[in-house]
Amino acid sequence: MGGAGGRGMGWLALEAFDPAPVAVALTIGPDHRLVYTNLAFRAFVGDRPLGEPIGRAFTVTTKQDYGELFDRVLATGEPVSLVEAPVKPAAADAGDAERYFSFTLSPFTHERPGVLVVAVDVTEHAAAVRRADLATEEQRRARRRFESLVWINAQVVWVSDAAGQVIESSGGWERITGQSREEFLGDGWTLALHPDDREPTLRSWNRTRRQGRPWRYVYRVRTRDGEYRHFDVRAAPVVEDGVVVEWIGTCFDIELEWRERQRRELLDRAAAAAAEQTALTEMFGALAEVLVPGLADGCGVHLLPDLGDRPAGAPIIARRVATAAGNGLLRQPTGGEERFAPSSGFARALERRRPLQRTFPPGRPPADLLPKSSTDWLTAAGATSVVLMPVVVDGAVAAAVTAARRGDRGPMSRDDVALMRQIFEHTHDALSGAVRFHRTQQVALALQHGLLAEPPELDDLQIVARYMASPAAAEVGGDWYDSFVLPDGATVVAIGDVAGHDLAAAVEMSQLRNMLRVLTADRLAPPGEILRRLNNAMETVAPEATATCILARIEGPDRGRWQVNYAVAGHPPPLLVTPGGDGRFLQEATNPLLGFPFDQHYKSSTEPLPPGSTLLLYTDGLVEHPGEHLDNGLDRLRRHTSTLAHRSLEHLCDGLLDDLPTTGTDDIAMIAVRTPAS
């Protein structure tokens with residue numbers, strides 16, 4: 001038997017298969033003796049001796065696995081095929097790996113029946129397929145492990161398609177929100193979000209989905225009972241062959257965590273805001289900006305001027321000093337006082353010193369609980385709930401804070417109200433200092449106004465006076481004004497400024513004003529002479545004081561006209577404005593500052609006052625600015641007063657205080673006189 005097999009036995013010339021790239025072998029008889037192998041067969045499985053049964057040519061396992069197939073082919077005459085069949089030659093070492101062949105066994109008959117074997121080595125292909133299958137299976141196992149962990153730990157698990165449309169849910173979302181599966185799928189889940197969160201959430205989700213990156217976001221979800229809670233949503237893409245085929249997402253209720261984080265942030269912001277302010281009204285304004293929008297949509301602070309010293313049974317006076325409003329809402333103006341009877345809901349809430357919360361239909365707040373201005377704002381804003389919180393400072397109720405919500409936000413929870421109260425407790429020390437400062441300032445202002453006499457009411461002349469204390473100082477200022485009628489019928493108007501902002505300045509101011517009154521009434525002398533005598537008296541009465549002053553006599557019509565006889569001692573010049581708006585400063589009677597030795601004559605000057613004209617005396621706080629030449633401030637005053645000349649005298653004075661830029665570091669006093677129009 002030769003290696004090419006068959007020729008010595010009279011079989012067909014099988015040597016034609018010798019160079020074939022596929023393995024070819026021939027067995028004969030019921031024992032399946034090997035009678036031919038070609039070069040490819042021997043290269044694949046080794047050189048096997050011809051004439052041996054197939055069971056000896058290969059391992060017993062191979063015979064047991066495939067021997068019956070040879071028998072079947074002989075018995076039935078039908079071919080049999082095997083795909084990726086493992087074969088391990090008998091002579092192979094124990095460590096050698098099996099090889100894989102695809103076989104075709106066909107009946108072959110010449111002199112004796114046999115089986116023709118044609119085999120292709122597919123070991124490498126099978127290995128590649130197995131590696132791909134293993135990778136796929138590993139990916140599936142990893143995904144199953146991931147999904148198992150997610151479904152165990154998350155409250156809500158959802159799956160969306162590649163376009164971001166939700167296609168599957170764990171059921172947690174439905175239990176939390178009350179939405180049905182049909183309502184939840186697609187984009188329906190967004191209907192359970194807070195209205196303010198829907199658009200930002202979809203915008204973030206679509207942007208992340210286009211980028212194919214993991215997503216994390218926090219939004220508010222309306223629960224089954226109507227409450228909004230914060231949820232942390234996370235999603236990751238599922239990628240196959242480099243393409244995102246779907247997304248797996250989770251939702252966690254983080255309301256408690258969010259509230260704690262918000263509590264810390266609001267308390268920190270409140271502490272910082274209070275530390276940056278010294279004045280009480282500004283401090284309450286800063287705290288109102290912390291409450292909105294953190295806890296409320298609108299906020300107002302009403303200060304109690306008596307700061308807890310109100311006699312029993314007396315009405316409560318509330319003055320609005322600070323407001324804040326969310327986006328799209330008009331802010332309440334500050335200022336103005338309102339009175340409440342001791343039996344009102346507002347008074348009772350303050351007496352109990354506990355927060356009071358009320359819910360109501362949109363835009364229909366209770367009438368007797370809040371100041372009218374706050375009630376009007378709640379009505380216009382369509383508010384649905386409000387909290388009235390007394391702010392206790394050093395044992396007394398110093399202010400009442402109202403915080404309102406509207407729309408879908410819902411009323412404050414018990415935790416929200418507690419946090420609001422904690423904000424004011426957290427800033428108590430800063431508020432305490434501001435309250436003491438405010439109290440001192442109020443006492444100083446009361447003293448200041450007690451020293452400033454109201455102008456006389458005359459039949460012909462109009463006289464209006466205004467005083468605005470510096471909000472930056474609690475001390476009594478040295479600015480003053482005065483007006484009175486002399487025995488000869490002339491009307492005196494005066495204004496002055498004693499250097500300093502303390503009690504000594506106030507005392508000196510009071511002394512100078514009283515001396516000026518006495519000197520003016522004692523001798524009907526020109527204003528310059530009276531100022532000279534006042535300057536001499538100061539050497540004895542107030543030797544350390546310095547002051548500026550304007551003294552003016554408004555004298556009645558003589559031959560059909562009014563006139564002013566005036567003198568100026570170191571003070572900004574008087575301003576005369578005609579009804580048509582022509583304005584000029586009177587600078588013909590300037591004299592040195594009071595408080596310095598000056599033995600020379602003090603000048604006086606007389607100026608006609610046209611019908612309906614306005615004479616304005618003022619202190620330097622109205623025109624002076626650091627780093628700016630005084631002429632700029634004077635020109636600004638002249639131009640603005642000219643634009644107001646057609647208004648009533650009260651509106652003119654108020655307009656100057658409201659519209660002119662001031663530093664806020666100095667007091668402002670003014671007194672204006674207007675002659676009859678004809």
Side-chain angles (χ1 to χ4, degrees), residues 128-262 407-410 413:
V129 172
R130 286 198 305 276
R131 286 194 298 270
D133 290 343
L134 288 174
T136 300
E137 181 59 27
E138 181 61 29
Q139 186 181 46
R140 289 173 180 168
R141 284 198 299 270
R143 178 175 171 180
R144 285 196 296 269
R145 288 194 297 268
F146 170 74
E147 290 178 347
S148 296
L149 290 173
V150 165
W151 285 65
I152 290 173
N153 295 321
Q155 293 167 296
V156 177
V157 181
W158 51 269
V159 179
S160 80
D161 59 20
Q165 298 293 299
V166 174
I167 58 176
E168 185 178 347
S169 166
S170 64
W173 184 270
E174 294 91 321
R175 290 192 299 272
I176 292 171
T177 65
Q179 284 187 311
S180 67
R181 175 179 174 83
E182 291 72 20
E183 293 171 334
F184 170 84
L185 296 179
D187 283 337
W189 57 276
T190 61
L191 298 178
L193 303 188
H194 191 284
D196 294 342
D197 293 349
R198 289 171 190 164
E199 183 178 348
T201 298
L202 279 175
R203 188 165 55 246
S204 174
W205 168 229
N206 290 330
R207 181 174 60 251
T208 302
R209 185 177 51 77
R210 288 192 299 268
Q211 296 170 345
R213 301 173 59 184
W215 184 48
R216 184 172 185 180
Y217 200 76
V218 174
Y219 50 53
R220 289 167 290 178
V221 175
R222 186 184 64 246
T223 62
R224 185 184 294 268
D225 58 6
E227 176 189 8
Y228 281 101
R229 298 181 67 85
H230 288 79
F231 275 73
D232 183 358
V233 57
R234 308 182 190 191
V238 177
V239 180
E240 292 183 4
D241 298 328
V243 177
V244 176
V245 295
E246 63 183 20
W247 294 76
I248 297 179
T250 61
C251 295
F252 297 86
D253 186 333
I254 59 167
E255 184 66 21
L256 295 180
E257 175 187 342
W258 185 87
R259 285 180 179 275
E260 177 58 25
R261 184 169 64 248
Q262 183 199 39
D408 293 335
R409 193 170 187 181
S413 66

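Note: hydrogens, waters and symmetry copies are ignored here, and every other heavy atom, side chains too, is used. Throughout, residue positions are numbered sequentially from 1 according to the sequence presented.
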Non-hydrogen atoms of Ala162 and Val244 that approach each other most closely = CB-O, 3.5 Å
How are the rings of Tyr219 and Trp215 set relative to one another: parallel (under 30°), tilted (30 to 60°) or perpendicular (over 60°)?
-> tilted
Side chains of Phe184 and Thr190 in contact at under 4.5 Å (non-hydrogen atoms) = no
Looking only at heavy atoms, which two atoms of Val156 and Gly172 are closest? And how far apart?
-> CG2-C, 3.7 Å
Answer yes or no: is there a side-chain heavy-atom contact under 4.5 Å between Ile176 and Arg224?
-> no
Between Ser413 and Arg259, do the side chains contain an N or O donor and an N or O acceptor separated by less than 3.5 Å?
-> yes
Does the Arg198 side chain pair with the main chain of Leu193, one donor and one acceptor, at a distance under 3.5 Å?
-> yes
Of all heavy-atom pairs linking Ile167 and Leu185, the shortest is C-CD2, 3.8 Å
Measure across Gln165 and Gly186 and return the closest heavy-atom pair with its distance rounded to 0.1 Å.
-> OE1-CA, 3.2 Å
For Glu182, side chain to side chain contact (heavy atoms under 4.5 Å, CB included) partners two or more places apart = Ser180
Salt bridge (Lys or Arg N to Asp or Glu O under 4.0 Å) between Arg181 and Glu183, intermediate numbers included = CA-CA 5 Å; Arg181 175 179 174 83; Glu183 293 171 334; over 6 Å; no
Heavy-atom pair of closest approach, residues Thr208 and Pro214 | CG2-O, 3.6 Å
Hey, do the aromatic rings of Trp205 and Trp247 have their centres closer than 6.0 Å?
-> yes
Residue set satisfying side chain to side chain contact (heavy atoms under 4.5 Å, CB included) with Glu260, at least two apart, ordered chain then number -> Arg263, Arg264
Not counting sequence neighbours, which residues clear side chain to side chain contact (heavy atoms under 4.5 Å, CB included) with Arg220? List them please.
-> His194, Asp196, Asp197, Tyr228, His230
Within the side chain of Arg234, is there an N or O that forms a donor-acceptor pair under 3.5 Å with the backbone of Tyr217?
-> no
May I ask you to check whether Ser160 and Glu246 show a side-chain donor-acceptor distance below 3.5 Å?
-> no
Is it true that the side chains of Trp173 and Gln179 contain a donor and an acceptor less than 3.5 Å apart?
-> yes
